[in-house]
Amino acid sequence: MEPVRRKALVDAALRVIGDHGSLAVTMSDIARQAGVSPALAHHYFGSKEQLLIETIRSLLRQLRSDTVAALKAARTPRARLSAIIRVSFHADQFAPETIAAWLAFYAEAQRSEETRRFLVIYARRLRSNLLVDLKALLPADAAERIAEGAAAMIDGLYIRQSLKSAPIGIEASIALTEDYLNALLATASPSPRSEKGRPHRTTQGQMT
């Protein structure tokens, strides 16, 4: 039962953080949502801080798993770029409670070095995934510039989604990011390297 209960507590933490819009929740709040006692929650995680760290680990693991699967199904560098964009706005990642939790973790990163480290892992992984296939299409300097812009746009659309007065849907977010990418790809010089014969790559950073 331990793996089942640990997962139930992580899922409950995500929902409670999403409902509150911050990490100012208690172990009792999370335990109640999971249907277990606070004592059992402490038994499995030791402290609220450790449970919150496991929650962000869980978000990163799911995102990594979804990205690996999407990249395996794409056959060209341009198709893999689209796969990365679509995964970034997958329904699970775009759920209101998930977006609220990500924003809460970003706020916590200003105070917690461990939380900041996990968010840096996410940012580096997203940039690296974009850069691998952009470099197959463009010179390195242009690829790096576009990778930074596309990653910033993805993160920015998450923030826009938190504005309940003017939410942007999944398909609209994908379309905006694709339009940005297409516009820059059309104006940048192509890479001297040909796509032909390039190995199929699905590199992802390792979870720590």
* Asked: Restricting to pairs with a member in residues 120-144, which pass ring pair (Phe, Tyr, Trp, His ring centres under 6.0 Å), not counting sequence neighbours?
  -> W102-Y122

* Could you give me the CA-CA distance, side-chain angles and deciding distance for I17 and I30, then say whether side chain to side chain contact (heavy atoms under 4.5 Å, CB included) is met? => CA-CA 9 Å; I17 292 166; I30 297 169; 5.8 Å; no

* Asked: Do the non-hydrogen side-chain atoms of L81 and L137 ever get within less than 4.5 Å of each other?
  -> yes

* To do: For residues L126 and T67, determine if any side-chain heavy atom of one lies less than 4.5 Å from a side-chain heavy atom of the other.
  => no

* Not counting sequence neighbours, which residues clear side-chain hydrogen bond (donor to acceptor under 3.5 Å, both in side chains) with R15? List them please. => none

* Who pairs with Q50 by side-chain hydrogen bond (donor to acceptor under 3.5 Å, both in side chains), at least two apart in sequence or on another chain? -> none

* Can you check whether L59 reaches F118 side chain to side chain, under 4.5 Å on heavy atoms? -> no

* **Within residues 37-55 or reaching into it, pairs that qualify as salt bridge (Lys or Arg N to Asp or Glu O under 4.0 Å) - sequence neighbours excluded** => E54-R61

* Between I154 and L131, is there a shared hydrophobic cluster once you connect ILVMFWY residues whose side-chain heavy atoms come closer than 4.5 Å? -> no

* Test V16 against T26 for side chain to side chain contact (heavy atoms under 4.5 Å, CB included), laying out the working first. => CA-CA 9 Å; V16 172; T26 67; over 6 Å; no

* Quick one: which residue pairs count as a ring pair (Phe, Tyr, Trp, His ring centres under 6.0 Å) with a foot in residues 14-34, not counting sequence neighbours? => none

* Test side-chain hydrogen bond (donor to acceptor under 3.5 Å, both in side chains) applied to E2 - qualifying residues, sequence neighbours left out -> none

* Report the residues that fulfil side-chain hydrogen bond (donor to acceptor under 3.5 Å, both in side chains) with T115, sequence neighbours left out, ordered by chain and then residue number. => S112

* Going only through I, L, V, M, F, W and Y residues with side-chain contacts under 4.5 Å, is there a path from V120 to L103? -> no

* Return yes if some donor-acceptor pair links the side-chain N/O of Y158 with the main-chain N/O of S88 below 3.5 Å, else return no. => yes

* R124: what forms a salt bridge (charged side-chain N to carboxylate O under 4.0 Å, His left out) with it, not counting sequence neighbours? -> none

* Would you please test R78 and L181 for side chain to side chain contact (heavy atoms under 4.5 Å, CB included) and show each step? => CA-CA 10 Å; R78 183 62 185 86; L181 198 57; 3.8 Å; yes

* To do: Could you state whether I53 and L60 fall into the same hydrophobic cluster, counting links through intermediate Ile, Leu, Val, Met, Phe, Trp or Tyr residues with side-chain heavy atoms under 4.5 angstrom apart?
  => yes

* Asked: Who are the ring pair (Phe, Tyr, Trp, His ring centres under 6.0 Å) partners of Y44, not counting sequence neighbours?
  -> none

* Structure fact -> The complete set of salt bridge (Lys or Arg N to Asp or Glu O under 4.0 Å) pairs with one or both residues in residues 25-36, sequence neighbours excluded, reads D29-R32

* Residue pairs involving residues 139-157 (criterion salt bridge (Lys or Arg N to Asp or Glu O under 4.0 Å); sequence neighbours excluded) -> R127-E148

* Say whether M27 and V10 are linked into one hydrophobic cluster, either directly or through other cluster members, by side-chain heavy-atom distances under 4.5 angstrom. => yes

* **Residues that F89 engages under ring pair (Phe, Tyr, Trp, His ring centres under 6.0 Å), provided they are two or more places apart** => F94

